[in-house]
Amino acid sequence: MRDATLLYSGKAKTIYRSEEPGLLIMEFRDDITAFDGGKKGTMKGKGTYNCCVSTYFFRMLESQGIPTHFMRVLDDHTLAVRALSMIPLEIIVRNIAAGSLVRNLPFREGQVLNPPVIVIDLKDDSRHDPMLNDDLILALDIVSAAELQTIKQTALRINEVLKKFLSQKGITLVDFKLEFGKSDEQIMVGDEISMDSMRLWDTHTGTSLDKDVYRFDKGDVMITYRTVAMQITGGECEEVK
Ligand code: C5P
């Protein structure tokens, strides 16, 4: 079903047109970047593990009635997804203070955020994804007030689903980023939900199980991604040698 037309190539994924109307092909590459592209690398198998975990979570969300762009798996690093009109916002749900929250605001690393905090950034690399607030989002006419409410409510529901599931696996969901898009005016989860977009800590040891391992040279990135992907999916991911 692949038509070779490349539509978009991001830092870690490539989107192709498909022959089927309304569908796109999303390829998870082995590229890994951090710090606004300031650190770059390639890790064999990384695309496969992120694709596998994203698929697992998309199916989980769909089973809970939360619409996503996931349609079907094409191969171990490629999905068929619904073509969405993407909303240029990064919706970050935070259960525990870490990362930029601790760098930019007087939070203590590890501070529990109860209720969870939603941070919304503008998806705009040229401006380094600045943080927005509701007034700015409405003034910029990015979404309507009703759509913004739907996005936030959905993000919090997803947080509850993922947090509970991961805690049963001994993993603490510190924070994660979502992107949404619209199809026929319906708001759906797009992009990916993977080790690249989540901050995960081993509940017992506090060890990082996500892209922070790459960002801060905390250990072997591929061993971490493979181990956590297998832990999350119960061994469903294809092993990449
Ligand atoms: O860097 P920061 O602490 O703001 O990141 C919060 C969460 O959002 C992390 O899980 C990070 O991996 C994710 N994120 C992302 N893409 C971005 C910015 C943050 O996936 N562009």
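Note that the structure is a prediction, hence the values are computed from the model and not measured. These values consider heavy atoms only, across backbone and side chains, with no hydrogens, waters or symmetry-generated copies. We count ligands from 1, going down the list as the structure has it; atoms in each ligand are counted the same way.
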If we set the cut-off at 4.0 Å for heavy atoms, which region of R94 has an atom near ligand 1: side chain, backbone, both, or neither?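 Just the side chain.
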
What part of M198, side chain, backbone, both or neither, has a heavy atom within less than 4.0 angstrom of ligand 1?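 Answer for M198: backbone.
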
Please list, in number order, the atoms of ligand 1 under 4.0 Å from a heavy atom of [X].
X	answer
G99	3 (O)
D196	12 (O), 20 (O)
D129	21 (N)

What I'd like to find out is whether the side chain of [X] reaches to under 4.5 Å of the side chain of [Y], using heavy atoms alone.
X	Y	value
R59	V73	yes
Y49	E239	yes
V189	F180	yes
Y214	D196	no
H69	F58	yes

Within less than 4.0 angstrom of ligand 1, does K211 place any heavy atom?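 Distance cut 4.0 Å: K211 fails for ligand 1.
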
Closest non-hydrogen protein atom to atom 15 (C) of ligand 1, residue and atom name please, with distance?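 For this ligand atom, the closest protein heavy atom is K177 CE, 3.5 Å.
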
Does any N or O of ligand 1 fall below 3.5 Å from an N or O anywhere on R215, backbone included?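 Yes; at least one N/O pair falls below 3.5 Å.
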
The one among H128, E90, R199, K11 that brings a heavy atom closest to atom 17 (C) of ligand 1: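 That would be E90.
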
Apply salt bridge (Lys or Arg N to Asp or Glu O under 4.0 Å) to E179 and K177, showing your working. CA-CA 7 Å; E179 292 182 29; K177 187 242 350 176; 2.7 Å; yes

Could you walk me through whether R199 and D175 pass the salt bridge (Lys or Arg N to Asp or Glu O under 4.0 Å) test, one step at a time? CA-CA 5 Å; R199 193 168 268 123; D175 57 41; 2.7 Å; yes

